[in-house]
Amino acid sequence: MPFQGMRFLVLLAVALTAVQTSAAAPVEAPTKLERRAMLEAEIVHELNQIRASKGVRALRAAPSLRSAARAHSKAMLELGFFGHDSADGTAFSDRIRRYYSNRGWEKWSVGEALLASEGQEIKAKAIVKAWLDSRPHREVILSSAWRDAGIGAVYTPTAPAEYGGSEAMVVTADFGLRGGKAPRS
């Protein structure tokens, strides 16, 4: 099925999730991937404006979550899939944990929102509006539980498999909470 329009998913997890296994079929890599760092910063700004208008404290930019989000957006475009779990079946929480460790913390949780759009241009306001128009996304964005966030926006002129060779932009928003130092054993 060719890639059309804009799609988005949201997943919120507080506990560890089981790892699933699946074989990913090899696909041709896109010709060129472009990070959209300015768009990433604009999305964080938009998220914080919405949160402030609802009396929710601002998200802190977390470089580790940004790295996790960028890597996932890049993988989705390179391998031609769209979903929270990795192409190899690794659960999203395990993937994010590689960047945003739970080691040494009593509390740790992560959440994620995804958006895929055909074309190379989409505004931060449109992305945040799309998430806010979806109840599960809205709950994630306005949750006071999240303190940290990282955004990964990546574009390619030719995305394989699920994207049908079309140009595509994928945005991953990873949210996290770490709290309370775990006692040393």
Side-chain angles (χ1 to χ4, degrees), residues 5-20 35-77 81-87 89-102 105-117 122-154 162 168-180:
M6 185 167 31
R7 297 176 283 173
F8 52 91
L9 295 172
V10 67
L11 187 61
L12 173 65
V14 177
L16 300 177
T17 57
V19 175
Q20 301 171 354
R35 252 189 28 224
R36 298 292 168 95
M38 194 67 146
L39 178 61
E40 294 168 354
E42 291 168 357
I43 292 168
V44 172
H45 178 76
E46 287 296 321
L47 289 171
N48 280 334
Q49 280 193 320
I50 294 296
R51 289 170 64 92
S53 74
K54 303 294 183 187
V56 182
R57 64 184 168 185
L59 295 163
R60 298 179 296 215
S64 56
L65 286 173
R66 183 182 58 230
S67 293
R70 283 181 179 165
H72 192 54
S73 290
K74 181 179 173 190
M76 285 188 279
L77 287 174
F81 74 99
F82 184 72
H84 293 285
D85 292 346
S86 298
T90 301
F92 91 100
S93 59
D94 292 333
R95 172 179 43 80
I96 294 170
R97 186 179 291 105
R98 292 181 202 141
Y99 298 86
Y100 186 77
S101 176
N102 64 334
W105 299 96
E106 288 182 354
K107 292 191 295 186
W108 181 90
S109 65
V110 294
E112 183 169 84
L114 303 176
L115 179 134
S117 178
I122 185 169
K123 303 285 184 200
K125 283 184 187 277
I127 293 166
V128 172
K129 182 181 181 327
W131 286 336
L132 288 171
D133 288 345
S134 160
R135 185 173 181 220
H137 287 87
R138 184 176 184 81
E139 289 174 4
V140 168
I141 289 168
L142 297 178
S143 173
S144 61
W146 306 124
R147 290 298 299 127
D148 300 326
I151 309 295
V154 180
E162 191 170 319
M169 170 85 69
V170 172
V171 179
T172 300
D174 286 337
F175 300 90
L177 166 71
R178 294 188 286 202

Student: Counting N and O atoms only, with roles assigned by atom type, does the side chain of Arg35 sit under 3.5 Å from a partner on the main chain of Lys74, one being a donor and the other an acceptor?
Tutor: no
Student: If every non-hydrogen atom of Ala153 is compared with every non-hydrogen atom of Val171, which pair is closest and at what distance?
Tutor: CB-CG2, 4.1 Å
Student: How long is the straight-line distance from CD of Glu46 back to NZ of Lys123, given to the nearest 0.5 Å?
Tutor: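 Taking NZ in Lys123 and CD in Glu46, the distance rounds to 11.5 Å.
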Student: Considering residues at least two apart in sequence or located in another chain, which fulfil the side chain to side chain contact (heavy atoms under 4.5 Å, CB included) criterion with Glu42?
Tutor: Met38, Leu39, Ala124
Student: Scan the side chains in residues 51-58 for donor-acceptor partners under 3.5 Å anywhere in the protein, sequence neighbours excluded, and list what turns up.
Tutor:
| residue | atom | partner | partner atom | Å |
| --- | --- | --- | --- | --- |
| Arg51 | NE | Arg57 | O | 2.9 |
| Arg51 | NH1 | Ile141 | O | 2.8 |
| Arg51 | NH1 | Ser143 | O | 2.9 |
| Arg51 | NH2 | Arg57 | O | 2.9 |
| Arg51 | NH2 | Ser143 | O | 3.4 |
| Arg51 | NH2 | Trp146 | O | 3.2 |
| Ser53 | OG | Ile50 | O | 2.7 |

Student: Just by distance, do the side chain of Trp108 and the backbone of Tyr100 share a donor-acceptor pair under 3.5 Å?
Tutor: yes
Student: If a pair satisfies ring-ring contact (aromatic ring centres under 6.0 Å, His included) and one of its residues is in residues 37-74, list it, with sequence neighbours excluded.
Tutor: His72-Phe81
Student: Could you work out, with salt bridge (charged side-chain N to carboxylate O under 4.0 Å, His left out) as the rule, every residue matching Arg178, not counting sequence neighbours?
Tutor: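 Arg178 satisfies salt bridge (charged side-chain N to carboxylate O under 4.0 Å, His left out) with no other residue.
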Student: If you round to the nearest 0.5 Å, how far is NE2 of His84 from CG of Leu114?
Tutor: 4.0 Å
Student: Any salt bridge between Arg36 and Glu40, counting N to O under 4.0 Å?
Tutor: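 Result for this pair is no, no salt bridge flagged.
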Student: Using only atom types and a distance under 3.5 Å, with no angle test, would you say the side chain of Ser117 pairs donor to acceptor with the backbone of Met169?
Tutor: no
Student: In chain order, what residues pass the salt bridge (charged side-chain N to carboxylate O under 4.0 Å, His left out) check against Lys129, with sequence neighbours excluded?
Tutor: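 Expected list: Asp133.
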Student: For residues 59-69, please give each side-chain donor-acceptor pair under 3.5 Å, one per line with the distance, not counting sequence neighbours.
Tutor:
| residue | atom | partner | partner atom | Å |
| --- | --- | --- | --- | --- |
| Arg60 | NE | Asp148 | OD1 | 2.9 |
| Arg60 | NH2 | Asp148 | OD1 | 3.0 |
| Ser67 | OG | Pro63 | O | 3.1 |

Student: Shortest non-hydrogen contact from His137 to Ala113?
Tutor: CD2-CB, 3.7 Å
